[in-house]
Amino acid sequence: MRIDCDVLIIGGGPAGLCAARSLLGTGLKVLILERDPFLGGQLLKQTHMFFGSKEQYAGTRGFEIGQILTREVQASPNITVMLETVASGYYPEENFILALEKEKKLYQVYFKKVIVATGASEKSLLFEGNDLPGIYGAGAVQTLMNMYGVMPGKDIIMIGSGNIGLIVSYQLLQAGVKVKAILEAAPTVGGYFVHAAKVSRMGIPIFTQTTVKRALGRNALEGVEIVSLDSKWQYVPGTERKWPCDTLCLAVGLSPMSELLWQFQCEMRYVSELGGYVAKRNPFMQTTHPDVYIAGDVSGVEEASSAMLEGTIAGFAVSKALHKMLDSVDQVIQNSQTFLDEMHVGTIGEKIRNGLAKVEVDVCL
Amino acid sequence: MRIKEHPIIDFQKGKTVTFTFDGVQYEGFDDEPIAVALYANGIKTLSYSLKYHRPRGIFCCIGNCSSCLMKVNGIPNVRTCTQRIEQGMVIETQGKGAIK
Ligand SMILES: Cc1cc2nc3c(=O)[nH]c(=O)nc-3n(C[C@H](O)[C@H](O)[C@H](O)COP(=O)(O)OP(=O)(O)OC[C@H]3O[C@@H](n4cnc5c(N)ncnc54)[C@H](O)[C@@H]3O)c2cc1C
Ligand code: FES
């Protein structure tokens, strides 16, 4: 079946929802495709309160922000949402996106502009036995525990001390699960000091320059062999020790889900600071394909606050490109760009700044 | 195992449904994915890899990695970490007895 819209938004996480919200009241026909049975993306499992300013929902918990955005978008007459619908491919000859609803119904979706906000997927780590049941991405643990109220295990070791590793460790304690230790391969803790201080206060030890060498167990995880690393990230012989645990949680980063952007033949670049392959884009989130915009993790892995700002920018930029913008459009775009820049200042923002410098182009085409 | 008390979240559960896993009957809620209902019942091995017959469980739980594929109502390769559980579903471990 054929569907026509002005703006197609792929992915209904914070980035996609903020993009949609920016198109409220423009009269443009907006369609959101979301493969889950609900909107909100990863926000729905984030139980911590957000930082930043009032516009960025400071002091509100992630899942509540997800609910607020969902309500706003669902109440607007010019936005249609298709849930349990995957955007499965782009067909350049006829210029449509093929969408599959509930594994049954196929649609050809035609659009004037598309905003790709598909998020990111979790990375794994290379070690012997890394496929045993009981070894999960930190996001899976968040999903099980914060969305469905199911405990991932009893006795957990966390790998990675970035913000996700720290936050999920804290959330595990809240759910009543014991976190034995957090291991970090680098010489220093990766995440914000506030999060690290919180888990330390709760008695979780963080071991730096330490990693997992192999997983123990035949049918399910029974423990791990850990090892110390030297300054060149090599195993220090003789430092291996075995720790029992039933769950190993890998918080070792995310990589952008950019498959559709390859299909659109956007110019892509591998940028390790941003998690993997990302599309080049201008400050309005427009890629080298003039009809394709990006926002959120797919444009470089960061966090929910930046995903919301990027979504806002992309939405307003599209309304402008289609000449259906609200009067304040330039001002809003500029404000969001300023907020984003503020998030990238200092030593904490340095990595993202360096990454963005590799993909940001002034003008496309 | 289900979390009974949580300082922040009040878990709203859907309707109770019954399903079978490898012939044994279990209970779950109709608003949760199949793999989540299995985990809540203490079942962590969902399939076996084809070539080396290694056990597999959830890895990402958001439909990205294919670690949770199972046979559901006779249909193989169902992504059980996102597919909702339904009353009377017949769930089977996938790849059991695969030839090494
Ligand atoms: C599991 C997980 C946990 C995280 N936890 C935190 C945290 O605690 N704090 C934090 O600040 N950041 C966290 N992050 C980082 C993340 O960057 C942001 O929180 C934020 O959610 C990113 O927003 P997004 O809209 O880009 O992506 P997402 O929130 O991932 O939303 C993308 C949406 O697109 C949908 N989708 C993907 N592909 C398709 C397709 N082909 N067709 C249709 N729909 C599709 C997905 O189902 C999803 O709903 C987490 C990330 C993950 C993956
Ligand atoms: S666990 Fe990754 S797709 Fe289901």
Side-chain angles (χ1 to χ4, degrees), chain A residues 13 35-38 41-42 44-45 47-49 61 63-64 84 86 102-103 118-124 129-154 171-177 217-221 246-247 250 254-255 257, chain B residues 1-14 28-49 51-68 70 72-73 75 77-86 93 96:
Chain A
R35 66 176 180 190
D36 274 334
F38 43 79
Q42 313 314 325
L44 300 185
K45 52 204 77 159
T47 50
H48 58 282
M49 288 187 194
R61 296 187 193 278
F63 65 91
E64 292 163 341
E84 289 182 77
V86 187
K102 298 195 173 119
E103 306 269 335
T118 44
S121 64
E122 285 194 274
K123 290 181 181 169
S124 184
N130 68 357
D131 57 346
L132 277 177
I135 302 177
Y136 318 110
V141 166
Q142 255 189 338
T143 307
L144 274 174
M145 153 173 100
N146 296 348
M147 283 189 70
Y148 300 113
V150 171
M151 291 204 205
K154 293 197 187 92
Q171 292 172 352
L172 280 158
L173 290 181
Q174 285 181 318
V177 182
R218 238 186 101 72
N219 295 314
L221 187 73
D246 68 355
T247 308
L250 305 178
L254 302 160
S255 62
M257 292 216 285
Chain B
M1 242 191 341
R2 297 198 186 267
I3 299 169
K4 297 211 175 64
E5 271 173 53
H6 197 283
I8 296 168
I9 316 166
D10 172 24
F11 295 107
Q12 306 279 338
K13 300 290 187 196
F29 296 106
D30 68 352
D31 55 355
E32 63 189 10
I34 296 167
V36 171
L38 290 171
Y39 264 64
N41 284 290
I43 296 153
K44 293 192 176 181
T45 301
L46 309 178
S47 68
Y48 290 88
S49 67
K51 195 162 173 193
Y52 296 112
H53 205 221
R54 292 181 59 83
R56 293 272 192 270
I58 288 177
F59 177 72
C60 75
C61 209
I62 52 173
N64 286 340
C65 75
S66 305
S67 186
C68 62
M70 298 179 85
V72 176
N73 292 338
I75 301 168
N77 296 328
V78 173
R79 203 160 276 185
T80 57
C81 72
T82 52
Q83 184 75 44
R84 293 274 178 272
I85 188 99
E86 289 168 19
T93 310
K96 233 182 189 173

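Excluded from the calculations below are hydrogen atoms, water molecules and symmetry mates; all remaining heavy atoms, backbone and side chain alike, are included. Chain naming here is simple, since letters A, B, ... match the order of the sequence lines and numbering starts at 1 in each.
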Original post:
If you count heavy-atom pairs under 4.5 Å between each of A/Leu132, A/Val141, A/Ile135, A/Asn146 and chain B, which one has the most?
Top reply: A/Asn146

**OP:** Please state whether the side chain, the backbone, both or neither of A/Arg218 comes within less than 4.5 Å of a heavy atom of chain B.
**Re:** backbone

**OP:** Give the intermediate values and the outcome of side chain to side chain contact (heavy atoms under 4.5 Å, CB included) for residues B/Lys44 and B/Tyr39.
**Re:** CA-CA 6 Å; B/Lys44 293 192 176 181; B/Tyr39 264 64; 3.9 Å; yes

**OP:** Find the one option among B/Cys65, B/Ser67, B/Cys81, B/Cys60 whose heavy-atom pairs under 4.5 Å with chain A are most numerous.
**Re:** B/Cys60

Original post:
Which bit of B/Ile9 is near chain A, if near means a heavy-atom gap under 4.5 Å: side chain, backbone, both or neither?
Top reply: side chain

Original post:
Just checking heavy atoms, which of residues 28-38 of chain B are less than 4.5 Å from chain A?
Top reply: B/Asp31, B/Glu32, B/Pro33, B/Val36

Original post:
Which heavy atom in A/Met151 sits nearest to a heavy atom in A/Ala175, and how many Å separate them?
Top reply: CE-O, 3.7 Å

Original post:
Hey, which of A/Arg61, A/Glu122, A/Gln142 has the most heavy atom pairs under 4.5 Å with chain B?
Top reply: A/Arg61

**OP:** Take A/Met145 and A/Gln174, measure what side chain to side chain contact (heavy atoms under 4.5 Å, CB included) needs, and give me the verdict at the end.
**Re:** CA-CA 10 Å; A/Met145 153 173 100; A/Gln174 285 181 318; over 6 Å; no

**OP:** Select one option (side chain, backbone, both, neither) describing which atoms of A/Lys45 are under 4.5 Å from chain B's heavy atoms.
**Re:** side chain

Original post:
Which value, rounded to the nearest 0.5 Å, describes the distance between B/His6 atom NE2 and A/Gln171 atom CD?
Top reply: 7.0 Å

Subject >> Non-hydrogen atoms of A/Pro152 and A/Thr247 that approach each other most closely >> reply: O-OG1, 3.6 Å

Original post:
Which region of A/Pro37, side chain (C-beta onward) or backbone (N, CA, C, O), has a non-hydrogen atom less than 4.5 Å from a non-hydrogen atom of chain B, or is it both or neither?
Top reply: side chain

**OP:** Sort B/Phe59 into side chain, backbone, both or neither according to what part of it lies under 4.5 angstrom from a heavy atom of chain A.
**Re:** both

Subject >> Residue pair B/Thr80 / B/Cys68: nearest heavy atoms and the distance that separates them >> reply: OG1-O, 2.6 Å

Original post:
Which heavy atom in B/Ile58 sits nearest to a heavy atom in A/Ala140, and how many Å separate them?
Top reply: CG2-CB, 4.2 Å

Subject >> Under 4.5 Å from a heavy atom of chain A, the part of B/Lys13 involved >> reply: side chain

Subject >> CZ-CG distance between B/Arg54 and A/Asn219, expressed to the nearest 0.5 angstrom >> reply: 10.0 Å

**OP:** Sort out for me which of B/Thr82, B/Ile62, B/Thr45 touches chain A most, counting heavy-atom pairs under 4.5 Å.
**Re:** B/Ile62

Subject >> Spacing of B/Ser66 atom OG and B/Arg79 atom CZ [to the nearest 0.5 Å] >> reply: 4.0 Å

Subject >> Portion of B/Arg2 that has a non-hydrogen atom of chain A nearer than 4.5 angstrom >> reply: both

Original post:
Which is it for A/Ser121 and A/Ser255 under the side chain to side chain contact (heavy atoms under 4.5 Å, CB included) test, yes or no, and what are the steps along the way?
Top reply: CA-CA 5 Å; A/Ser121 64; A/Ser255 62; 4.0 Å; yes

Original post:
Would A/Ser124 and A/Asn130 satisfy side chain to side chain contact (heavy atoms under 4.5 Å, CB included), going step by step from the backbone distance to the final call?
Top reply: CA-CA 8 Å; A/Ser124 184; A/Asn130 68 357; 4.1 Å; yes

Subject >> Segment of A/Thr47 engaging chain B (4.5 angstrom heavy-atom cut-off) >> reply: both

Original post:
By a 4.5 Å heavy-atom criterion (distance strictly below it), what part of A/Met147 contacts chain B: side chain, backbone, both, or neither?
Top reply: backbone

Subject >> Minimum heavy-atom distance B/Ile8-A/Phe63, with the two atoms named >> reply: CG2-CE2, 4.0 Å

**OP:** Select one option (side chain, backbone, both, neither) describing which atoms of A/Glu84 are under 4.5 Å from chain B's heavy atoms.
**Re:** neither

